[in-house]
Amino acid sequence: MALPCSTKILEFCQVLPAYDSPESATEFSLPLTFFDIFWLKLSPVQRLFFYQLTGPSATPTFFNTVILPKLKHSLSLTLFHFLPLVGRLTWPPNCPKPFILYTPNDGVPLTVAESDADFDRLSSDDILDAVELHPYVPDLPVSDTMASILALEITLFPNKGFSIGYSINHAVLDGKSITMFMKSWAYMSKHGENGKQNTSILPEELAPFFDRNGIKDPLELGNLFLRQWESLSESEPMINSRSLKLLPQLGADIKKVRSTFHLTREEIIKLKNKVLSQLENPIPLSTFVVTCAYVLVCMVKAKGGDGNRMVWFLFAVDCRRRLDPPLPANYFGNCVAGHDVFTEARDFMEENGFSNIAKRLSGVIEGLEKDPLQGAEDKISSFKSEIRAGMQVIGLAGSTTFDVYGCDFGWGRPKKVEITSIDKTGAISLTQSRDGNRGIQIGLVLSRDEMEAFGSLFVDGLKHL
């Protein structure tokens, strides 16, 4: 049970990109691609990085005189390379589609706070009330015609450490893009000096690529997605159909708890071997496939109930290398496509449920190599048509390829990284383990009863591999 704690706001400011001179700042805009419009109405993604400090560097004085100024300065330098983040998503009445607009003097909102909460507990794998992490991630303002793209919050936990939380607008960038920004900011903080601002200061893999000409839309998916979002918005009385406001999210429940689980590299290998031993013919088995299959089986069993209920698992795949021609790995924006598996709960609960679900997921992933956009035209409309009473909807957030634990701002790797927004979406979060040994960190938000049941199933299942 959490002890009473308080978080006070010390400062709220706008951090502007560092230009050589004010005259060099010019207005520009970027169109949204169909990849962006697909995510237009979905909730912001929020992630929280905890950094532990020791000795003199853990004091409020060191934080206020060294850490905070360095974080602000390096943020300003980094934003010079990521100007779309500084702008805003806008949808003027005379424009058919929303677009990204940057104007001089735009800045990223930054909140600086201080908390007397238990840093060690918040950054542990213990079961927490989901709302306990909310004070450390910022809100992202959204109206009918204007929406912020990025908001940041830095929170000091005196004599323990600090956290960096962000909220991003998913209609502008995906997980790979925001991770590239965070790594760039960390690089600037740790290595940048003397206010240098040319792109060469960033390693090649961190220099963002903004050109959208490589994304073709012969099927006019962008227009289709926009019409589908407008149709879904019409069923929400408080939302204008032609609006940037977000739709209510699945899974939001202030009574839920969150916890973290881990799969080691050795356990992942054993899970793969178990699947292969139960199949007549070998199939490609990635870490992603066996991790998702195992977690899904434990979640469905933990919920219990009617085996006839439908389970809908939704996930996104990176399309950068899957397009023809492929996009650069450092393309900045959305380039992920949504896919799903839709089946009865009994398929997860049966004796060979884990192997069967892994086989089905593997088949879906294999098909994406041929056509990563297969069925894309139906994905948004299915949000309304497929959801039924009693259905268990499970999404996926994050990736095992982002290496978010590599975000070292100069005071060491994060102690813990959390995707806090999964308590609003009901998604599973996946992250590479902190130790760098190719293990997986799994984050969940469930009711307390389901979380305890999941924990037992998860641990017991690994014991019997």
Side-chain angles (χ1 to χ4, degrees), residues 41-43 127 130 228 232 235-236 247-259 261 271 274-275 278 288-317 338-365 367 375 378-398 419 421-430 442-462:
K41 293 285 190 175
L42 299 184
S43 65
I127 293 179
Q228 290 174 341
L232 285 177
S235 63
E236 298 295 331
L247 293 175
Q249 295 301 305
L250 299 170
D253 185 345
I254 61 172
K255 296 180 181 179
K256 290 187 176 180
V257 298
R258 67 184 306 126
S259 190
F261 301 85
L271 287 171
K274 181 174 182 178
V275 173
Q278 295 178 343
F288 172 83
V289 165
V290 295
T291 300
C292 289
Y294 186 65
V295 173
L296 286 169
V297 166
C298 292
M299 288 183 72
V300 173
K301 289 181 177 179
K303 189 174 183 66
D306 185 4
N308 291 323
R309 77 173 183 276
M310 299 307 296
V311 178
W312 190 18
F313 176 53
L314 305 98
F315 61 97
V317 295
H339 292 276
D340 55 15
V341 170
F342 191 75
T343 189
E344 291 183 338
R346 68 177 70 258
D347 294 334
F348 297 82
M349 296 175 173
E350 61 188 20
E351 183 177 353
N352 292 337
F354 166 55
S355 298
N356 292 335
I357 295 300
K359 180 180 179 180
R360 184 160 179 183
L361 279 173
S362 179
V364 172
I365 298 297
D378 300 321
K379 297 304 180 185
I380 291 176
S381 58
S382 67
F383 291 160
K384 183 176 181 179
S385 62
E386 295 288 4
I387 294 178
R388 309 166 193 170
M391 177 184 291
Q392 187 173 3
V393 182
I394 306 171
L396 185 73
I419 299 179
S421 48
I422 63 172
D423 62 355
K424 300 180 181 67
T425 62
I428 304 163
S429 72
L430 294 184
I442 302 150
L444 295 177
V445 175
L446 301 168
S447 68
R448 185 170 290 274
D449 288 345
E450 284 184 36
M451 186 68 80
E452 292 173 351
F454 176 92
S456 296
L457 290 163
F458 186 89
V459 173
D460 290 346
L462 296 176

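Starting from 1, each residue takes its place in the sequence as its number. Scope of the values below: all heavy atoms of this structure, side chains included, with no hydrogens, waters or symmetry mates. Note that the structure is a prediction, hence the values are computed from the model and not measured.
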Starting from the C-alpha separation in whole Å, work towards a yes-or-no answer on side-chain contact (heavy atoms from CB on, under 4.5 Å) for Leu314 and Val393.
CA-CA 8 Å; Leu314 305 98; Val393 182; 3.6 Å; yes
Between Phe454 and Phe261 (judged by ring centroids, cut-off 6.0 Å), do the two rings come close enough to count as a pair?
yes
Could you tell me whether Phe354 and Phe348 have their ring centroids closer than 6.0 angstrom?
no
Identify the heavy atoms of [X] and [Y] that sit nearest to each other, and give their distance.
| X | Y | value |
| --- | --- | --- |
| Asp306 | Ala345 | O-CB, 3.9 Å |
| Ser259 | Met451 | N-CE, 3.6 Å |
| Ser429 | Ile419 | CB-CD1, 3.8 Å |

I need the Ser355 OG to Lys274 NZ distance, nearest 0.5 Å.
6.5 Å
Would you give the length of the straight line joining atom CD1 of Ile380 to atom CG of Asp378, rounded to the nearest 0.5 angstrom?
10.5 Å
Between [Y] and [X], is there a side-chain heavy-atom distance shorter than 4.5 Å?
| X | Y | answer |
| --- | --- | --- |
| Cys292 | Leu396 | yes |
| Val445 | Val257 | no |
| Val275 | Lys359 | no |
| Ile357 | Phe313 | no |
| Ile442 | Thr291 | yes |
| Arg258 | Ile422 | yes |
| His339 | Val317 | yes |

List the steps, then state whether side-chain contact (heavy atoms from CB on, under 4.5 Å) holds for Phe315 with Ile428.
CA-CA 10 Å; Phe315 61 97; Ile428 304 163; over 6 Å; no
Which residues pass the side chain to side chain donor-acceptor pair (under 3.5 Å) test with Arg346, not counting sequence neighbours?
Asn308, Glu344
Go through the structure and list residues passing side chain to side chain donor-acceptor pair (under 3.5 Å) with Gln392, not counting sequence neighbours.
Arg309
Residue set satisfying salt bridge (Lys or Arg N to Asp or Glu O under 4.0 Å) with Lys379, at least two apart, ordered chain then number -> Asp340
All salt bridge (Lys or Arg N to Asp or Glu O under 4.0 Å) counterparts of Lys301, not counting sequence neighbours:
none
As a test of understanding, state which of Met299, Lys303, Glu452, Lys256 forms a side chain to side chain contact (heavy atoms under 4.5 Å, CB included) with Leu446.
Met299
List in chain and number order the residues that pass side chain to side chain contact (heavy atoms under 4.5 Å, CB included) with Ala316, two or more places apart in sequence or in another chain; answer none if no residue qualifies.
Trp39, Val336
Check side chain to side chain contact (heavy atoms under 4.5 Å, CB included) between Arg360 and all other residues, then give those that pass, not counting sequence neighbours.
Val341, Thr343
What do the steps show when you test Asn356 against Glu350 for side-chain contact (heavy atoms from CB on, under 4.5 Å), and what is the final call?
CA-CA 9 Å; Asn356 292 335; Glu350 61 188 20; 2.8 Å; yes
So, does Tyr294 use its side chain to make a donor-acceptor pair with the main chain of Leu462 at under 3.5 Å?
yes
With side-chain contact (heavy atoms from CB on, under 4.5 Å) as the criterion, how do Leu457 and Val297 come out once you've worked through the C-alpha distance, each side chain's angles and the decisive distance to 0.1 Å?
CA-CA 9 Å; Leu457 290 163; Val297 166; over 6 Å; no
